[in-house]
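Heads up: the structure comes next, in structure tokens.
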Amino acid sequence: MDNLKVGVAAVSEACKKGKIEIGADGMLHLPAVTALPDDGEPRRMRDLIYQLIGDMQFPDILLEMDALCSVSEVLLGHRADTVAQLLALYAALLAHGTDIDAKTAASMIPGVETAQVSVAMRALETHGRLRRANERVVEFQGRVPLAAHWGSGEKASADMMSLDASRHLWSARVDPRRRTYAAGIYTHLLDRWGIVYDQPIVLNERQAGVAIEGVEQHNHSQDRIRLSLLAVDTHGYTNGAMAVAKLLGFDLCPRLRDLAERKLYLPAGFAVPENIERVTVKRLSRKAIRDGWDELLRLIASIRMGKIGADLALRFLSSAAQGDPAYRAAEHLGRLLRSIFLCDYVTIEDFRREIHTLLARGESVHQLQRVVYTGKLPTERGRRRDEMKAISGSHALLTNIVIAWNTARMNDVVERLRKGGMEIDEAWLRRMGPAHSSHINFRGTFSFSVEKYAQSLLRLPPTPRRAATS
């Protein structure tokens, strides 16, 4: 309540100074975020860096990152016994994570049979393997010194991308933007650009539950940096979700599309400055929060202990539960938290810029994901839940591999240029990103030079010892 009083006073002061306006419709109207000064140097430096990196073939990137992160060892459960087994695994990753099928993947990689690819694809559906492989790559990317310029690893954004699919797929729905049937993949992207969680979802459903689930799964591990802030769009937000997120230890920060949702909910009797009274609604009950507090905490404890997923918990707190004490507590606590967030969002431009930057990075990664997965989900694919998870995880893994490889190469080029005497402003580096793909060839006949990395990727037979001589 103290934070709310300070925030409301700040909104009133901003209105007096003309920084924000209240229109005739009684809604808050915000000016566009002021663009940062741009003299073109960051863009030119980025182009120079990627020019020095040069054109690459995707198989070479895949092999190099596998040698650095032991991706194949995680996916197989051991180092590959033969080159054929390793190539079949790579083909399975491509068949799951791109728009090609097992037969096409086998034809792209000489020496691999379609049956081998199909077996490897089924093995990738094993629970947890793709997630651990993604974690390996993201951890490697986060250790690259350049990544520290982009963020601390404590903040992330979450958004969905849609894959065109057959209308006969159980999870396919009509994408309202493109008017085609599609399946959704929901990803959580760190401020350092790595995809830390992915999951298949159904289109046109509220995404607040899956947004919270991704953060809770990431924060569950004790040996990694916990997320303290998650930026989402309107679909990833509800009042109940803001309450659940706060009780789980992080802030859910939505970029609201509808101006009608930019109202400040206040309790009855709250002193409101006259100049902003039109944007306030006296529909916040502290009694409702108190009455349902114990039941709400039990639900949060169940999420934290893994007894129930956050997605299912948010379904329990949906509008169908109106009248339930836990629902009312979450709804009114969410209104309180949303009002505090909106006060900061409309009065602190740097905070608003940060939310927009996190979401813009997510859109940049979606463009890279579209390059990796250019076509339509085949008709026979995605009919099983495990298969959809494998498609989502493989797609995220291939995207993470490109991001991590670009980050490492960008860091090497920057260090080489600085040693050569070129001055590179750190502010320029903060405005560059590794979600770049025009220098990478993702199609054609793939040739894997496994012999260069055999010591790291294969289980080689032990070298026979020489017989002892007298």
Side-chain angles (χ1 to χ4, degrees), residues 127 131 156 158-160 170-171 173 183-188 197-221 226-254 256 258 261 263 265 267 281 283-341 385-386 388-389 392:
H127 177 71
R131 176 87 327 262
D159 198 9
M160 183 205 72
W170 67 272
S171 60
R173 301 291 187 274
I185 293 180
Y186 201 76
T187 54
H188 289 65
Y197 198 76
D198 64 273
Q199 53 192 316
I201 65 171
V202 178
L203 260 66
N204 303 333
E205 290 189 356
R206 204 72 176 187
Q207 300 161 5
V210 293
I212 294 176
E213 177 68 18
V215 177
E216 181 62 16
Q217 291 295 328
H218 177 80
N219 288 347
H220 186 71
S221 177
R226 290 177 58 86
L227 292 177
S228 61
L229 183 148
L230 181 69
V232 296
D233 59 12
T234 302
H235 286 291
Y237 140 84
T238 63
N239 290 332
M242 293 196 78
V244 171
K246 191 67 173 179
L247 293 174
L248 288 172
F250 68 96
D251 293 317
L252 190 67
C253 300
L256 299 177
D258 190 357
E261 294 182 325
K263 289 279 190 178
Y265 282 88
V281 180
R283 294 180 184 173
L284 175 59
S285 171
R286 285 178 286 184
K287 181 180 183 300
I289 300 175
R290 287 193 297 267
D291 291 346
W293 184 250
D294 290 343
E295 289 298 324
L296 182 58
L297 285 189
R298 288 190 184 95
L299 185 64
I300 299 301
S302 298
I303 298 174
R304 178 54 51 84
M305 295 172 64
K307 301 294 184 181
I308 186 175
D311 187 19
L312 186 57
L314 264 293
R315 292 178 187 272
F316 288 158
L317 297 178
S318 64
S319 57
Q322 290 186 15
D324 184 83
Y327 167 82
R328 285 179 49 82
E331 176 68 18
H332 287 270
L333 178 58
R335 291 178 182 181
L336 173 60
L337 294 171
R338 190 186 74 166
S339 297
I340 296 172
F341 163 75
R385 178 69 176 175
D386 288 342
M388 276 304 302
K389 287 183 177 180
S392 174

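- T187 and D198 share no donor-acceptor pair across their side chains, judged by distance under 3.5 Å alone.
- Side chain of R304 to backbone of L248: a donor-acceptor contact under 3.5 angstrom is found.
- Y237 and R206 share no side-chain donor-acceptor pair at under 3.5 Å.
- Using a 4.5 Å cut-off on side-chain heavy atoms (C-beta onward), L230 and F250 make contact.
- Side-chain atoms of H332 do not come within 3.5 Å of backbone N or O of R286 as any donor-acceptor pair.
- Remark: side-chain polar atoms of E331 are not paired, donor with acceptor, to backbone N or O of N239 under 3.5 angstrom.
- With hydrogens and angles ignored, the 3.5 Å screen pairs a side-chain donor or acceptor of E213 with a backbone N or O of A310.
- I289 CD1 to R328 CZ: the interatomic distance, rounded to the nearest 0.5 Å, is 10.0 Å.
- Between atom CE of residue M305 and atom NE2 of residue H220 there is a gap of 11.0 Å, rounded to the nearest 0.5 Å.
- Counting only distance, with no hydrogens or angles, the side chain of R335 and the backbone of Y265 share no donor-acceptor pair below 3.5 Å.
- Distance check: L299 CG to D294 CG gives 13.0 Å after rounding to the nearest 0.5 Å.
- Counting only distance, with no hydrogens or angles, the side chain of S392 and the backbone of M388 share no donor-acceptor pair below 3.5 Å.
- Using a 4.5 Å heavy-atom threshold, the side chains of H188 and H218 count as separate.
- For D251, the side chain to side chain donor-acceptor pair (under 3.5 Å) partners at least two apart in sequence or on another chain are K246.
- From L227, atom CG reaches atom CD of E216 across 10.5 Å, with rounding to the nearest 0.5 Å.
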